[in-house]
Amino acid sequence: MLISALRFSIINSKNITMGELIMEIKDFLRYAGNVKPTERQLSWFDMEFYAFVHFSPNTYTGLEWGTGKEDPLIFNPTELDCRDWVKAVKSAGMKGLILTAKHHDGFCLWQTDTTVHSMKSSPYKNGLGDVVGEAAKACAEGGIKFGVYLSPWDRNNVCYGTPEYNDFYCAQLAELLTNYGKLFMVWFDGACKEGPNGRRQEYDFDRYISLIRKYQPNAVIFNDHGPDVCWCGNESGGSRFAEWAVVPHELCYRCKGGEDIVPPLCGDLAHMYNSDIDIGALSNILYSSRLVFCGAEIDMSIRPGWFYHESEDPYSLERLFDTYIRSVGGNCCFNLNISPMKNGCFDERDVRMLRELGKLIDKSFSFPLSCSVKRRENGDNRCVFDITLESERKVSYVVLSEDIALGQRVETFTINSGDSVLFRGTTIGHKRICRINKTVQSLRVHISSGRDTVVLRNIAVY
Ligand code: FUL
């Protein structure tokens with residue numbers, strides 16, 4: 001990368017002046033603040049909140065990771081109606097649903113030609129059922145988007161651990177990409193352990209990614225390391241102190257063939273991992289040879305397990321709402337898993353919880369207080385927004401959004417009322433929900449540092 005080569009040559013040169021160094025860092029920050037998302041990444045960010053559905057023979061065995069030796073006869077969701085899933089998901093305000101078309105046990109929830117370890121061997125609809133098709137149809141009818149999870153790790157297929165497995169996997173992927181309408185996401189699971197022959201597989205992600213781009217160019221690809229959406233590093237709803245969607249490309253998967261032939265985790269940044277607290281911070285990106293846009297998804301299940309276990313209870317409304325605030329309101333999307341029971345229905349307790357969560361989100365964010373906002377510049381990439389309400393009001397939240405189509409820029413900000421600091425923030429990005437809980441008539445949002453001119457898409461007070 002030109003800018004980086006220039007940067008290092010200046011920094012390493014003996015003749016560098018302080019002024020030149022500052023100019024170089026400013027240039028680099030401007031570059032970082034102008035790394036732009038693709039259209040599909042922008043559409044994904046706008047979805048904000050969507051559902052995972054984990055359903056497989058595990059639902060019937062009580063396992064979380066099936067062995068691959070399960071008898072397909074156990075998979076028989078006699079009361080399945082995917083329209084009820086969609087209703088429940090919509091009641092929480094979610095905009096999409098991703099189904100585990102195949103989990104690690106290798107059992108396929110669709111009419112595949114690739115294996116008989118699938119719906120064809122299940123008693124459900126006498127072997128003619130197609131859960132992927134039913135879910136896709138219900139989502140389309142209900143007006144939400146649909147996505148698929150296809151586990152690369154397969155504990156059933158005998159080819160696993162050989163190059164033929166990549167052909168098999170691509171054939172499965174192609175069926176899902178071409179037979180079930182538009183997909184908004186393909187979700188790759190990072191788990192990679194031994195298959196039935198004790199061998200591990202070298203996944204041909206270049207091929208998988210090319211196939212997705214060919215058949216579903218608008219779908220984002222989730223994988224531990226992107227390319228479009230990356231994992232936040234935990235499965236329990238944890239969020240980062242500062243969430244940057246612009247990260248070193250060394251952390252992200254990129255297809256071979258173009259200029260991007262760099263595998264994840266290499267070079268000066270080989271020590272880093274997705275779960276690190278500061279992957280987008282200046283102290284790390286400075287060492288990257290190039291930056292890419294790759295937002296993070298926060299995923300967790302509504303109960304401790306990804307699959308249904310009768311003995312487990314859903315988490316509390318407070319925990320789910322708090323995760324929503326920190327994920328959707330923390331420059332991420334929130335993927336919340338709900339697990340159907342053996343009969344194919346969601347547990348009534350989960351359905352109630354989703355409804356309650358939806359109501360709470362609506363109540364909190366549907367009625368902005370009317371206010372005026374005045375912007376004032378305050379030096380390079382710094383500015384102040386003075387917010388005046390019509391009268392003194394209890395303010396629960398201030399919600400800020402950057403125009404990330406231009407890039408992510410805000411590094412630090414505060415929200416003040418008079419002399420008191422009510423909120424100290426780092427990044428904003430797609431959306432930052434700031435808890436305020438104070439009765440005030442005016443507020444000041446003070447953007448104290450940015451990587452380039454700060455452009456806010458929205459400021460709302462609730
Ligand atoms: C993990 C898997 O091993 C879990 O079973 C689950 O599917 C979760 C979403 O991803 O890596």
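Quick note: numbers below take in every heavy atom, side chains included, and nothing from hydrogens, waters or symmetry partners. Atoms within a ligand are numbered from 1 in the order they appear, just like the ligands themselves.
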Output yes when the distance from some N or O of ligand 1 to some N or O of [X] is under 3.5 Å, and no in every other case.
X: Glu64; result: no
X: Trp65; result: yes
X: His103; result: yes
X: Trp306; result: no

Give the numbers and elements of all ligand 1 atoms closer than 4.0 Å to a heavy atom of [X].
X: Tyr149; result: 7 (O)
X: Phe52; result: 9 (C)
X: Glu235; result: 1 (C), 8 (C), 10 (O), 11 (O)

Report task. Please name the residue in the list Tyr324, Phe321, Phe365 that meets the ring-ring contact (aromatic ring centres under 6.0 Å, His included) test with Phe49. Result ->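 Testing Phe49 for a ring-ring contact (aromatic ring centres under 6.0 Å, His included) against Tyr324, Phe321, Phe365 leaves exactly one candidate, Tyr324.
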
Requested in this report: Please collect all salt bridge (charged side-chain N to carboxylate O under 4.0 Å, His left out) contacts where either partner lies in residues 92-112, sequence neighbours excluded, each pair once.
Outcome: Lys102-Asp154

Query - Lys87 with Asp81: basic N within carboxylate O range, under 4.0 Å - result: no

Query raised in the report: Is Lys137 salt-bridged to Glu134, cutoff N-O under 4.0 Å?
Result: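 No, Lys137 and Glu134 are not salt-bridged.
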
Query raised in the report: Does Tyr165 use its side chain to pair, donor to acceptor, with the backbone of Pro152 at less than 3.5 Å?
Result: yes

Query raised in the report: When you check the side-chain N and O atoms of Gln408 and Asn331, is any donor under 3.5 Å from an acceptor?
Result: yes

Query raised in the report: Please state which protein non-hydrogen atom is closest to atom 7 (O) of ligand 1 and give its distance, to 0.1 Å?
Result: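 Protein heavy atom with the smallest distance to atom 7 (O) of ligand 1: His54 NE2, 2.7 Å.
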
Report task. Report the nearest protein non-hydrogen atom to atom 2 (C) of ligand 1: residue, atom name, distance rounded to 0.1 Å. Result ->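 The answer is Asp189 OD2, 3.1 Å.
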
Query - Contacts of Tyr124 that satisfy ring pair (Phe, Tyr, Trp, His ring centres under 6.0 Å) - sequence neighbours left out - result: none

